[in-house]
Amino acid sequence: MPERGNAPNSPRVGLFVTCLVDSMRPNVGFAAVALLKSAGCKVEIPLAQTCCGQPAFNSGADEATKPIARQVIETFEPFDYLVAPSGSCAGMIKAHYPELFADDPIWLDRAKRLAAKTHELLSFLVDVRGFRPQNVACKASATYHDSCSGLRELGVKAQPRALLSSVKGLELRPLEGDETCCGFGGTFCVKYSDISNAIVGEKAQNVVATGADLLLGGDLGCLMNMAGKLSREGAKTRVFHTAEILAGMSAYAIGEESTGAAGKEAK
Amino acid sequence: MSAPSGTFQERVDKALGNAQLKVALERTTGNARRKRAAAVEAWPDFVAARAAAAAIKDHSIAHMAYYLEMFERNALASGAQVHWARDPDEACKIVVDICKAANARTVTRSKSMLGEEIGLPHALAGAGIRRVETDLAEHIIQLAGETPSHIIWPAAHRTREDVAKLFDEHHREKPTAHDVVSMVGSARKELREDFFAADVGISGANFLCADTGAICTITNEGNAELTTTPPRVHIVTAGIEKIVASTEHALQLTRLLVRSATGADLTQYTTFHCGPKRPGDLDGPDQFHIVLVDHGRTEMLTEMPEMLRCLRCGACLNHCVVYRAIGGHAYGGAYPGPMGSVLTPVFDGLEQTRDLPNACTLNGQCRQVCPVDIPLPTMLRHWREQSWRAGYEPKTLRAAIRLWAFFAARPRLYQLAQAVALPAMRLFAKGGWISSLPLASGWTAARDLPKPPGESFLTSIRKGGTP
Ligand code: SF4
């Protein structure tokens with residue numbers, strides 16, 4: 001892929017890789033880096049990052065969330081942009097950090113400034129960088145799940161479809177209930193596992209009913225939830241993060257065995 | 001009438017184990033979702049109307065005392081009697097006393113969620129007063145000895161087949177066939193006599209109009225009119241948040257309420273009831289009582305004023321993945337779904353009900369469809385925060401979140417722990433999937449977990465230098 005990321009006017013992007021991508025699917029991180037570079041960004045990956053703090057925040061543990069949020073703010077303040085391959089984590093930083101520090105004027109100000117330059121990856125590529133993938137092909141049918149936080153907190157809906165429409169050979173099929181939650185909900189899916197199971201069961205049925213080869217989305221949590229259910233039900237649907245398709249790094253779907261470190265050989 | 005019992009988890013287990021429930025819920029809520037979507041689609045001004053509706057409610061909430069007093073003045077002038085109740089006990093006592101004073105043996109009731117909230121059916125039974133529910137769905141659940149499971153369709157948990165069986169068992173004149181027309185016909189005959197024999201009719205109110213002192217009911221079956229007009233006494237029970245400044249405001253809100261609830265432009269009956277029968281009137285009650293109930297609402301004025309906007313349209317229930325999976329009874333309160341999960345802790349106390357705000361994916365669809373833009377997810381998260389601070393969350397969960405947060409705030413330690421955990425997790429994998437993992441059974445009970453990579457993304461980056 002052409003690298004245009006070192007022109008003097010390239011924006012400096014700090015990649016917030018998200019805890020799930022970091023631990024569970026590095027390939028999404030590598031794909032994000034490749035896409036951001038193709039879109040003319042200078043990409044940096046601060047090593048002092050872990051998670052956005054959402055599991056604690058959504059459990060109501062605000063005090064436990066604050067040190068995590070402060071660390072994200074400090075780490076990513078120097079960049080022109082913070083970009084995350086997740087609507088949920090970007091939404092946490094953009095919408096909820098200011099809420100978290102509502103009573104703390106100094107950190108509120110810093111949180112707001114970071115929020116203003118925080119973006120979800122796919123919408124960043126389209127809305128900020130005007131990017132479209134060149135020469136990427138994927139001969140398959142796919143269906144798309146709109147993850148809730150990206151959709152409702154950040155308005156991510158048209159951007160991934162615009163990007164995917166440039167992928168040669170990819171046929172996108174409509175998904176019944178594409179805006180309906182998949183039942184992941186972060187800690188919800190383990191705290192109320194049986195309710196989550198009922199919700200993702202219905203989602204899996206809708207996915208299978210499309211007959212599509214692939215299920216795509218922009219949030220690894222939701223994708224792992226749906227992929228895990230599809231696997232448990234014995235469905236053949238392969239599940240990818242959209243960035244992996246766009247970057248042409250789609251050798252192994254979620255749950256498909258690769259050898260050695262992921263990402264490297266999945267090109 | 002038996003209220004749902006057991007713990008939240010027990011009620012959830014029961015609901016998820018009932019395949020019929022899912023069928024019934026999907027028919028009702030699926031229909032409602034499709035119709036609402038079509039109604040919104042067909043109304044280009046919907047977005048503006050929604051913002052205006054929220055503003056109308058906010059105005060009456062901000063000036064609630066002023067408009068309630070205006071309402072009282074105008075209602076008294078129309079000949080109505082106005083009663084104020086601080087809590088459910090007071091409210092029920094007022095209603096029962098009015099019934100007793102009227103020597104009432106039979107009361108008819110048209111659907112009122114406030115009545116459920118204050119436990120009125122129970123109170124009437126306790127006083128030995130025969131209660132006849134006149135809303136078709138309420139009639140069904142009265143026959144079944146249940147409580148409502150949806151705020152618009154109280155019998156949303158029952159299939160038509162179910163209902164046919166109930167009517168066959170209980171009605172004096174059985175339905176001639178199990179189609180909708182015959183079943184409704186059978187119910188109509190069953191209820192008809194009671195409509196005219198009742199001494200007292202009890203209704204709720206969708207709006208209290210300050211400018212006239214009238215109360216507004218919105219129904220599809222006309223049962224509210226038959227409940228409130230023939231009996232000698234009409235009692236209205238209403239929460240004080242139903243107050244609106246004017247009839248015009250009530251009508252503007254009605255446009256949003258009905259479309260959000262059923263997808264129709266209007267219901268069959270929108271009635272303004274103002275005072276008792278006047279000289280020369282052909283019909284109407286001799287006495288018209290309005291019981292205004294607080295029950296936590298004045299506290300909500302400062303704690304969560306947005307929630308007082310709620311029109312009780314049910315859209316948030318119909319679009320909630322959790323409600324659609326477990327139905328209304330699992331929530332254990334009078335109000336289920338997202339709005340119920342915000343309200344029930346107000347009424348029943350957070351410690352008893354902490355599961356409700358937690359059993360939610362915070363996906364935000366409820367807020368998106370709410371006709372008055374109530375930030376339901378924010379309010380649910382707020383309850384979680386209060387529950388955490390009060391120490392109501394389970395000890396193991398608190399410990400796990402604290403431990404995780406400790407590591408998450410310290411990247412080096414976090415990465416060390418991760419370097420141990422990831423290879424350990426890989427040992428449980430078969431092929432690319434883990435189907436059972438100690439300490440992660442919450443995940444693996446329902447779904448497989450992808451095998452994690454041998455090393456994390458950041459480790460690869462550190463080893464390989466910058467990308
Ligand atoms: S919270 Fe909103 S959507 Fe839910 S019942 Fe109330 S008005 Fe309707």
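Quick note on labels: first sequence line is chain A, next is B, and so on, each numbered from 1.
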Let's test your reading of the structure: which of A/Leu15, A/Leu151, A/Val17 forms the most heavy-atom pairs below 4.5 Å with chain B? A/Val17
Heavy-atom proximity to chain A below 4.5 Å, by part of B/Cys360: backbone
Please classify the contact of A/Glu99 with chain B as side chain, backbone, both or neither, using a heavy-atom distance under 4.5 Å. side chain
Below 4.5 Å from any heavy atom of chain B, which atoms of A/Ser149 appear? Answer side chain, backbone, both or neither. neither
Is chain A contacted by the side chain of B/Val322, its backbone, both, or neither, given a heavy-atom distance below 4.5 Å? both
Is it the backbone or the side chain of A/Ala198 that comes under 4.5 Å from a heavy atom of chain B, or both, or neither? side chain
Can any side-chain N or O of B/Arg447 pair as donor or acceptor with the backbone N or O of A/Met226 at less than 3.5 Å? no
Could you grab the distance from atom OG of A/Ser147 to atom CG of B/Asn363, nearest 0.5 Å is fine? 10.5 Å
Spatial distance of atom CD1 (A/Ile68) from atom OH (B/Tyr414) [nearest 0.5 Å]: 9.5 Å
Any idea which of B/Ile401, B/Leu362, B/Leu380 has the most non-hydrogen atom pairs under 4.5 angstrom with chain A? B/Ile401
Any salt bridge between A/Glu202 and B/Lys22, counting N to O under 4.0 Å? yes
Which atoms of B/Thr378 are under 4.5 Å from chain A, going by heavy atoms: the side chain, the backbone, both sets, or neither? side chain
Would you please test B/Arg410 and A/Thr50 for side-chain hydrogen bond (donor to acceptor under 3.5 Å, both in side chains) and show each step? CA-CA 8 Å; B/Arg410 293 165 180 77; A/Thr50 60; over 6 Å; no
Test item: B/Arg384 side-chain N/O and A/Asn58 main-chain N/O as donor-acceptor pair under 3.5 Å: yes
Decide side chain to side chain contact (heavy atoms under 4.5 Å, CB included) for B/Trp388 and A/Asp62; before the verdict, give the C-alpha distance in whole Å, the side-chain angles of both, and the deciding distance to 0.1 Å. CA-CA 9 Å; B/Trp388 183 278; A/Asp62 289 20; over 6 Å; no
Is it the case that the side chains of A/Arg232 and B/Thr444 hold a donor-acceptor pair, with the cut-off being a distance below 3.5 Å and no angle test? no
With only heavy atoms counted, which part of B/Asp355 is less than 4.5 Å from chain A, the side chain, the backbone, both or neither? both
Would the distance check show the side chain of B/Arg381 and the main-chain N or O of A/Phe57 forming a donor-acceptor pair, the cut-off being under 3.5 Å? yes
Mind running side chain to side chain contact (heavy atoms under 4.5 Å, CB included) on A/Met224 and B/Trp443 for me, showing each step along the way? CA-CA 10 Å; A/Met224 279 170 46; B/Trp443 182 281; 4.0 Å; yes
Measure distances from B/Gln9 to the heavy atoms of chain A and classify the residue's part below 4.5 Å as side chain, backbone, both or neither. side chain
If you count heavy-atom pairs under 4.5 Å between each of B/Ile434, B/Asp13, B/Leu422, B/Ile326 and chain A, which one has the most? B/Leu422
Carefully, step by step, assess B/Trp433 and A/Ile254 under the rule side chain to side chain contact (heavy atoms under 4.5 Å, CB included). CA-CA 9 Å; B/Trp433 293 103; A/Ile254 293 173; 4.1 Å; yes
Nearest heavy-atom pair of A/Gly255 and B/Pro450: which atoms, and what distance? N-CB, 4.0 Å
Which answer fits B/Trp404, side chain, backbone, both or neither, if we ask what part of it has an atom under 4.5 Å from a heavy atom of chain A? side chain
Taking everything shown except A/Glu176 itself, do over 12 heavy atoms lie less than 6.0 Å from its CD? no
What closest approach, in Å, do B/Ser456 and A/Pro26 show between heavy atoms, and which atom pair accounts for it? C-CG, 4.2 Å
Heavy-atom nearest pair, A/Cys181 first then B/Val321, reads O-CG1, 3.8 Å
So does B/Arg389 pair up with A/Glu63, basic N to acidic O under 4.0 Å? no
How far apart are the closest heavy atoms of B/Ala409 and A/Gln71, and which atoms are they? O-OE1, 2.8 Å
With rounding to the nearest 0.5 Å, note down the distance linking OG1 in A/Thr180 to NE2 in B/His319. 8.5 Å
What part of B/Leu458 gets closer than 4.5 Å to chain A, counting heavy atoms only: side chain, backbone, both or neither? both
Of all the heavy-atom pairs spanning B/Phe457 and A/Val33, show the shortest one and how long it is. CZ-CG2, 4.2 Å
Nearest heavy-atom pair of B/Ala325 and A/Ile195: which atoms, and what distance? CB-CG2, 4.3 Å
Heavy-atom contact with chain A under 4.5 Å, split by part of B/Phe8: side chain
Any side-chain heavy-atom pair from B/Ile461 and A/Phe30 closer than 4.5 angstrom? yes
Top of B/Pro377, B/Gly364, B/Cys320 for chain A proximity - count of heavy-atom pairs under 4.5 angstrom: B/Gly364
So, the part of A/Ile199 with a heavy atom under 4.5 Å from chain B: the answer is side chain
Part of B/Leu397 lying under 4.5 Å from any heavy atom of chain A: side chain
Check the surroundings of atom NZ in B/Lys35: do more than 12 heavy atoms from other residues, nucleotides or ligands lie under 6.0 Å from it? no
Interatomic spacing from OH in A/Tyr192 to CG in B/Asn358 - rounded to 0.5 Å: 4.5 Å
Verdict with reasoning, B/Gln418 to A/Ser23, per side-chain hydrogen bond (donor to acceptor under 3.5 Å, both in side chains): CA-CA 8 Å; B/Gln418 187 187 33; A/Ser23 281; 2.6 Å; yes
Side chain, backbone, both or neither of B/Gln368 within contact of chain A (heavy atoms, under 4.5 Å): side chain
Given the options A/Cys19, A/Gly29, A/Gly53, which has more heavy-atom pairs under 4.5 Å with chain B than any of the others? A/Gly29
Of the backbone (N, CA, C, O) and the side chain (C-beta and beyond), which part of A/Leu230 lies under 4.5 Å from a heavy atom of chain B, both, or neither? neither
Region of A/Lys229 in contact with chain B, defined by heavy-atom distances below 4.5 Å: both
Crowding at CZ, B/Arg27 (>12 non-hydrogen neighbours, <6.0 Å): yes
Quick check on the interface: out of A/Cys189, A/Ala56, A/Pro46, who has the most heavy-atom pairs with chain B under 4.5 Å? A/Cys189
With chain B, the option among A/Ala64, A/Pro55, A/Ser88, A/Ser196 that has the most non-hydrogen atom pairs under 4.5 Å is A/Pro55
Heavy-atom pairs under 4.5 Å with chain B are the metric here; pick the option from A/Gly177, A/Gly186, A/Gly201, A/Gly185 that has the most. A/Gly185
What's the separation between atom OG1 in B/Thr459 and atom CG in A/Leu47, rounded to the nearest 0.5 Å? 9.0 Å
